[in-house]
Amino acid sequence: MSSHAATGTIDHHHDPSTSTGIPNKKLLMWAFLASDCMFFGALISTHLIYRLHPPSDSLSPKAVFDIPLTSFSTFILLMSSLMMALAVNAIQKGNLKSLRLSLLMTMFFGAIFLGCQVYEFNNFVFEKHLTITNSILGTTFFTLTGTHGTHVAIGVLWLGLMYVRSYKPTGSSVGGHPWANNLLHVAALVGTLVLVVKFVIELVWSLQGFNGYAMASFYGREFLTLAGTLVCLGGCFWFARPAGTVDFGERNAIDVESMGLYWHFVDIVWIVIFTAVYLLEYV
Amino acid sequence: MRLTFLPTTIAHWARAAMAFGTVAISSGCNLNFWKMDGPQSTINVAGPVARSQLQVFYVTCWVTLAIFVIVASVLAYATLKFKARSEADAHAEPPAQSHGNPLIELGLIGASVFALVIIAVPTLKAIWFTYDVPAEEKANTYTVNATAYQWWFKFDYPSEQIAGVGPLTASNELVIPAGRPVRIDLRTMDVIHSFWIPKLAGKVDMIPNRGNAIWLEADAPGYFWGQCAEFCGDPHAIMRFRVIALGPQEFYDWVNRELAPARQVVPSASTAPFTTHTFKTDWMRNQYGYTGKYDADPLQSWREKQEPEPGENPALIAQGRRLFQSKTCITCHTIRGHEGTGAVAPDLTHVGSRTTIVAGLLENNTDQLRRWIHNPDSVKPGNKMYLGLGGMPGYLKKDDQGAWVPNITLTADDETALVAYLQSLK
Amino acid sequence: MDASAHSSDLTPGASAPHQPYVLWRPTAKTGLMSWLTTVDHKRIGFLYGLFALFFFLVGGCEALLIRLQLAVPNNNVLSAHEYSAMFTMHGTTMIFLAVMPLGAAFFNFIMPLQIGARDVAFPRLNAFSLWTFVAGAIILNVGWFLPDGPPNATWVGYAPLTSRTFMPGHSVDFWVLGLQLLGAASIAAALNFIVTIINLRAPGMTMMRLPVFTWMTLITSFLIILSFPAITIALVELLMDRTFGTNFFEVSNGGMPILWQHLFWIFGHPEVYILILPAMGIVSEILPTFSRKPLFGYPIVVFSGASIGFLGFAVWSHHMFTTGMGTVATAAFALATMAIAVPTGVKIFNWIGTLWGGHLQMRTPMMFALGFIWMFMIGGFSGVMHSAAPADAQQQDSYFVVAHFHYVLIGGSIFALLAGIHYWFPLMFGRQVSEFWGKLSFWIIFVGFNVTFFPMHFLGLNGMPRRTFTYDSNMGWNTANLISTVGAFTLGVGIALYFAVVIYTYIKGKTVGRDPWDARTLEWSIPNPPPEYNFLVTPTIHARDAFWYEKHHQAEIAQEKTAHAQAESAHGGIHMPHQSIWPLIASLGALIGAFGAVYHNLPVALVGGVVLLAGIYLWSLEGVDGYHLHLDADGNPVEDPSAHH
């Protein structure tokens with residue numbers, strides 16, 4: 001973090017400019033995660049307390065949950081953590097190409113997880129008639145998993161910003177910052193992910209004939225989604241074209257690493273939620 | 001620094017303070033307030049539960065006072081002894097730069113722990129004692145249910161059943177047998193309230209979706225003040241109640257009187273002519289609502305309230321009974337044996353025999369009852385009788401545009417008749 | 001600490017000329033813009049203090065109205081509704097808008113100076129904390145000027161009174177959203193302080209050499225990041241109930257209002273220590289300075305502070321002794337509460353030990369600090385009485401409790417904070433408060449405070465419940481209430497005098513040189529008012545009372561400083577962070593968003609969210625640039641020896 005760190009080899013485990021050798025950003029992230037633990041602790045406790053005191057006419061959670069689907073999304077999230085670890089490893093070795101690929105894969109898996117959650121929420125509300133207002137189970141379940149989903153979504157956005165950041169041209173801080181390029185690049189990336197997830201979910205619903213969706217009219221309905229996806233994807237490729245040197249490298253490893261801490265934490269919280277909310281009902 | 005200015009200021013303040021003190025004392029201020037012998041005193045207690053709590057308080061008080069005297073003396077001594085007293089003193093060489101003494105510190109920690117043990121032992125004993133009726137007295141325990149509403153208390157007597165109706169119900173005045181443990185189950189119908197009769201027992205909260213209970217016992221017959229102790233909305237300060245403890249025979253008589261339906265006053269031939277009484281009408285908001293006679297001996301006042309009022313006017317009472325119906329009072333209030341089966345407002349079957357009205361705010365007499373029904377909102381702002389409850393209109397209702405418009409209007413004659421009727425319900 | 005690889009080599013105060021307009025970096029050093037875009041911890045601390053003192057006066061006026069209403073029985077100054085709003089806002093204002101930010105003002109201003117740092121670890125995050133605090137204060141108080149009225153459901157907001165059934169207006173929404181913003185601001189600030197204290201200590205400043213005030217800052221910050229999430233979640237649940245009709249506290253669908261109390265007090269009890277630990281830190285600085293000897297038993301004071309913080313998470317249910325928890329839970333929480341008295345008592349013993357054998361200089365800060373010990377002792381003892389659960393059943397929610405926590409929060413926190421203002425005033429502004437007027441205000445405050453709150457013990461034991469807007473004249477409460485009101489106005493006069501004196505001193509007070517108190521800690525080693533870069537040369541610490549050591553080893557320190565100055569200059573000079581407008585914009589977004597949420601207005605909330613996101617996005621895009629200062633031994637700028645652009 002010192003302004004003269006660009007020279008020589010970088011020690012990723014010791015920052016000489018701080019009293020403890022831990023980089024400031026890493027320490028900030030650890031402290032924040034401690035705080036975030038308490039946020040999730042309060043929400044999970046709320047859920048578990050109400051689980052022990054269900055109202056007499058409440059829905060059984062077992063009648064609602066779809067364990068195979070949630071297991072799948074849990075596995076996907078675990079894989080995204082693996083990808084995140086690969087990304088940190090790549091940037092610590094200065095391997096930009098590998099970093100970008102790993103970040104994209106992490107984002108992709110995160111988006112699949114979110115897609116599963118959107119599908120699950122829809123399924124619970126419209127098929128199982130569990131809503132946020134009609135029962136205490138719905139209230140605590142949707143609030144807890146929704147808060148976690150928001151954390152994942154923020155993580156995906158952050159990954160996207162970091163991915164785009166890795167294309168910042170050298171010397172731009174003085175010679176005119178390509179902030180418009182940056183914004184469009186982020187928009188293309190996030191647009192791609194959102195539209196792909198929407199496309200897949202609509203496809204699944206149509207295959208299932210869910211709530212008036214039919215396979216026959218699928219492409220007619222989803223034409224705009226498909227077109228939008230292609231445009232955004234094109235934008236992603238355009239911005240990712242090879243062009244000059246970039247102001248991003250090994251010294252930015254700490255940024256990727258602290259983001260990784262956040263991502264792994266969100267992943268671990270999901271393991272706890274999956275155990276305490278879903279699996280506990282089957283013990 | 002103009003020190004010359006100081007003596008005048010001090011003299012001025014002293015004069016002002018003396019003037020103020022004179023006014024304060026001459027206006028009846030009782031400077032013996034440290035005796036803490038008010039009707040809600042936690043020091044001047046009248047039952048075993050409050051006494052046990054008081055004993056724990058005394059233990060904590062004496063232990064902390066002893067520590068305070070020791071620590072404060074050392075602090076005062078150190079301050080005076082080591083104070084720099086002159087310029088030379090202040091600029092002297094700094095004292096020895098000592099950093100502490102572990103032995104002293106450990107010793108003091110040990111002493112603190114010891115002092116806390118002295119407090120902890122009686123605390124633990126009293127926690128168990130005050131929690132529930134002692135096992136050997138369980139059989140002798142009388143049970144009551146208390147339910148809190150915004151902003152009044154309902155008391156049910158499960159051991160006094162009325163055929164076809166259910167348990168005996170009273171409002172805002174809880175009558176209990178003296179010298180017997182009483183266990184009270186505490187419920188609330190809306191927000192959190194807290195049940196507190198300082199002379200008999202510390203408070204226990206009434207929490208929605210949670211069953212709590214309290215036990216207490218009055219040593220001897222007496223009249224006790226209670227009050228809601230958890231903020232429950234703007235009129236929280238006027239959510240009060242009374243507890244009347246009676247000897248065995250008197251309690252038995254009271255129960256039998258209560259079990260009977262409301263009193264019927266038969267119009268006789270020699271009925272006095274219908275007259276409008278004169279009432280005091282210029283009440284100020286929050287004005288005191290008790291007579292000196294009541295204050296002197298509330299229990300005696302209660303006993304007197306059990307007898308029919310002198311000079312009853314049966315025609316007026318009959319008129320009041322009709323108005324009670326036509327003005328829709330009966331939708332919320334029950335008067336068992338008369339019209340009215342509403343259950344969301346206080347049961348008025350024997351309202352005339354209570355010493356207080358408006359959740360213990362006012363004395364139950366013709367003046368105060370008139371004051372209450374004349375303008376409920378100025379007596380108890382925001383009350384449900386005035387604004388309505390659960391879609392049922394009160395004195396006001398909401399019109400189509402959502403504006404408050406009058407719903408119940410009473411003429412002076414109406415008020416006179418209603419007061420006479422309610423006072424007759426013994 | 002935060003420059004990226006390409007940020008260096010900008011001349012002092014210069015902007016980057018080719019930045020596009022969107023990423024314009026403000027450079028004003030004076031005027032309104034310089035304050036709105038400041039990232040200097042001292043300016044941010046000053047602003048925190050300014051806002052805190054303003055709200056302290058607002059809360060004080062609310063208190064005087066409360067006392068006026070209760071001066072005589074059956075009084076009519078305020079209606080029941082106005083009274084509810086008054087005590088709700090008095091409590092919320094004093095805790096969240098006066099005492100906490102006043103603590104934050106000292107954390108910001110003093111703590112980096114005490115550890116030999118040039119700023120906090122994340123200067124822009126610090127600015128964001130400040131402005132988000134201001135946004136929260138606005139939301140909390142805006143109800144006074146709107147038809148819905150200010151929050152009126154007590155500062156603890158017990159469910160289900162706060163539900164839409166019982167509080168249909170938006171007054172509770174102001175309270176919820178206001179506290180959410182204040183919580184976010186507090187957590188962000190606390191994270192910043194934690195990293196600063198752990199990572200930005202000057203060479204040689206080991207953890208066990210940290211000044212006690214800095215230690216208490218660290219412990220308080222940990223309490224904030226670990227306890228605020230509980231109330232944040234409670235408020236989220238309440239907000240969901242009120243906005244979306246969920247069932248967290250909705251009894252008819254199985255909600256349990258008792259859950260609110262648990263979540264609230266899991267936050268609420270550590271919050272008590274968040275309010276008192278900084279005060280203990282300040283007193284632990286003042287007593288050694290004016291006794292002219294080191295703090296007695298430094299390690300024990302530090303560890304007792306830490307154990308108070310730790311135990312603070314295990315005693316929340318002593319606020320709920322009357323909720324019918326059952327015998328075992330009540331006993332456990334009673335014993336845990338008693339246990340907290342030990343580390344608290346230890347601190348008092350150590351303060352007395354510090355006085356013992358010293359040369360006590362009875363200056364104004366010392367008077368307030370001694371007043372603190374006396375008053376905090378009384379508050380602590382009534383706290384021990386509350387820990388005995390059966391006795392507490394009588395005291396809970398009575399005026400006895402009101403007396404207790406005012407002894408701890410005024411006699412404790414406020415006295416120490418007022419002491420701190422006098423103590424550090426010469427450092428902050430280079431002027432010193434007159435001893436006569438300072439002491440006069442102390443004595444009026446001290447007398448007024450005791451006359452106000454001591455009679456409340458009697459009122460509580462005589463059965464007067466708190467939060468009641470009126471009482472009858474036959475309860476035996478008349479005299480004590482009148483005395484209390486007279487005391488409150490005396491206290492008001494004392495506080496008014498205190499502020500008049502401080503304002504006068506700020507404008508025309510006697511100027512003083514460096515280190516007027518002959519103090520012991522590092523913040524006094526720099527000129528006053530402190531220069532923007534704090535330390536000309538990063539100091540090296542050799543002992544616990546770093547500046548005391550410096551003063552007594554001058555030759556050695558001078559040599560060391562010359563060597564360090566050369567090394568630093570060769571290393572690029574003093575690095576200063578750029579100012580930034582984006583923290584302010586992000587906070588503005590939070591303010592707009594909160595308004596939208598209060599009125600359940602989705603478009604406004606979305607606009608606020610977009611502004612917030614845009615602020616954060618541009619904040620990250622502009623990067624952590626900075627510039628370098630090259631100064632000679634007197635602090636005058638010199639030509640950059642290595643200038644090359």
Side-chain angles (χ1 to χ4, degrees), chain A residues 1-6 15 17-25 27-28 31-32 34-43 45-46 49-50 53-58 132-136 138-140 142-143 147 161 165 170-177 179-180 182-183 186 247 249 251-252, chain C residues 1-8 16-20 22-23 121-122 125 187 190-192 194-195 198-203 205 221-222 225-230 232-234 236-237 240-241 244-248 250 253-256 259 263 266 571-572 575 617-618 620-623 625-626:
Chain A
M1 309 254 327
S2 141
S3 50
H4 302 271
D15 179 349
S17 71
T18 68
S19 315
T20 52
I22 305 165
N24 288 344
K25 281 182 187 169
L27 192 57
L28 179 80
F32 168 73
S35 188
D36 218 15
C37 268
M38 299 298 287
F39 280 102
F40 279 108
L43 275 172
S45 313
T46 302
I49 289 166
Y50 280 127
H53 299 94
S56 49
D57 57 344
S58 56
I132 198 163
T133 52
N134 74 356
S135 66
I136 201 91
T139 294
T140 59
F142 285 116
T143 309
T147 306
L161 288 168
R165 168 75 176 77
T170 311
S172 59
S173 71
V174 184
H177 202 295
W179 64 273
N182 185 301
L183 191 60
V186 173
D247 174 19
R251 71 189 167 278
N252 298 87
Chain C
M1 78 207 75
D2 54 3
S4 78
H6 295 267
S7 66
S8 51
H18 303 301
Q19 289 280 29
V22 177
L23 293 176
F122 300 94
L125 184 64
I187 291 178
L191 292 170
N192 212 339
I194 290 174
V195 177
I198 294 181
N199 259 0
L200 261 53
R201 285 166 286 134
M205 179 64 90
S221 301
F222 270 108
I225 66 162
L226 296 178
S227 71
F228 264 80
T232 304
I233 292 304
V236 164
E237 295 179 351
M240 302 263 298
D241 274 7
F244 304 118
T246 53
N247 304 309
F248 286 108
E250 178 52 52
N253 269 343
M256 295 190 298
L259 177 68
L263 287 174
I266 287 172
H571 226 68
H575 174 262
Y617 175 67
L618 291 167
S620 70
L621 211 55
E622 75 176 0
D625 283 3

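In what follows, every chain begins at residue 1, and chains take the letters A, B, ... in the order their sequences are listed.
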Trainee: Heavy-atom distance under 4.5 Å to chain A: side chain of C/Met256, backbone, both or neither?
Mentor: both
Trainee: Can you say whether C/Phe222 sits under 4.5 Å from chain A via the side chain, the backbone, both, or neither, judging by heavy atoms?
Mentor: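 Contact with chain A involves no heavy atom of C/Phe222 at all.
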Trainee: Which value, rounded to the nearest 0.5 Å, describes the distance between C/Glu237 atom CD and A/Thr139 atom OG1?
Mentor: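 Reported to 0.5 Å precision, the distance equals 9.5 Å.
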Trainee: Chain C: which of A/Ser135, A/Gly41, A/Ser45 shares the most heavy-atom pairs with it under 4.5 Å?
Mentor: A/Ser135
Trainee: Compare every heavy atom of C/Gly254 with every heavy atom of A/Pro55, then report the nearest pair and how far apart it is.
Mentor: CG-CA, 3.8 Å
Trainee: Check each atom of A/Thr140 against the heavy atoms of chain C and say whether the ones under 4.5 Å are side chain, backbone, both or neither.
Mentor: both
Trainee: CZ/A/Phe39 to OG1/A/Thr147 distance, rounded to the nearest 0.5 angstrom?
Mentor: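 With rounding to 0.5 Å, CZ (A/Phe39) is 10.5 Å from OG1 (A/Thr147).
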Trainee: Considering non-hydrogen atoms only, spot the tightest contact between A/Thr18 and A/Gly21 and give its length.
Mentor: OG1-N, 2.9 Å
Trainee: Just so I understand: if I count every heavy-atom pair under 4.5 Å between each of C/Asp241, C/Ile266, C/Thr232 and chain A, which residue has the most?
Mentor: C/Thr232
Trainee: Give the minimum heavy-atom separation between C/Phe122 and C/Val195, together with the two atoms involved.
Mentor: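 Scanning both residues completely, I find the closest heavy atoms to be CE1-CG1, 3.9 Å.
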Trainee: With a 4.5 angstrom heavy-atom cut-off, is it the side chain or the backbone of C/Leu226 that approaches chain A, or both, or neither?
Mentor: both
Trainee: What part of A/Asp36 lies closer than 4.5 angstrom to a heavy atom of chain C: side chain, backbone, both or neither?
Mentor: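 No part of it gets close to chain C.
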Trainee: Between chain A and each of C/Leu191, C/Asn253, C/Ile194, count heavy-atom pairs under 4.5 Å; write down the option with the most.
Mentor: C/Leu191
Trainee: Can you say whether C/Phe244 sits under 4.5 Å from chain A via the side chain, the backbone, both, or neither, judging by heavy atoms?
Mentor: backbone
Trainee: Could you pull out the closest heavy-atom pair between A/Ser19 and C/Arg201, with the gap in Å?
Mentor: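 A/Ser19 and C/Arg201 have their closest heavy atoms at OG-N, 2.9 Å.
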Trainee: Between C/Leu263, C/Ile198, C/Leu125, which shows the greatest number of heavy-atom pairs under 4.5 Å with chain A?
Mentor: C/Ile198
Trainee: Minimum heavy-atom separation for C/Met240 to C/Thr246, with atom names?
Mentor: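 Of all heavy-atom pairs spanning C/Met240 and C/Thr246, the closest is C-OG1, 3.1 Å.
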Trainee: Name the option with the most non-hydrogen atom pairs under 4.5 Å to chain A; the candidates are C/Ile225, C/Ile187, C/Val236.
Mentor: C/Ile225
Trainee: For A/Asn252 versus A/Asp247, what's the shortest heavy-atom pair and its separation?
Mentor: OD1-O, 4.5 Å
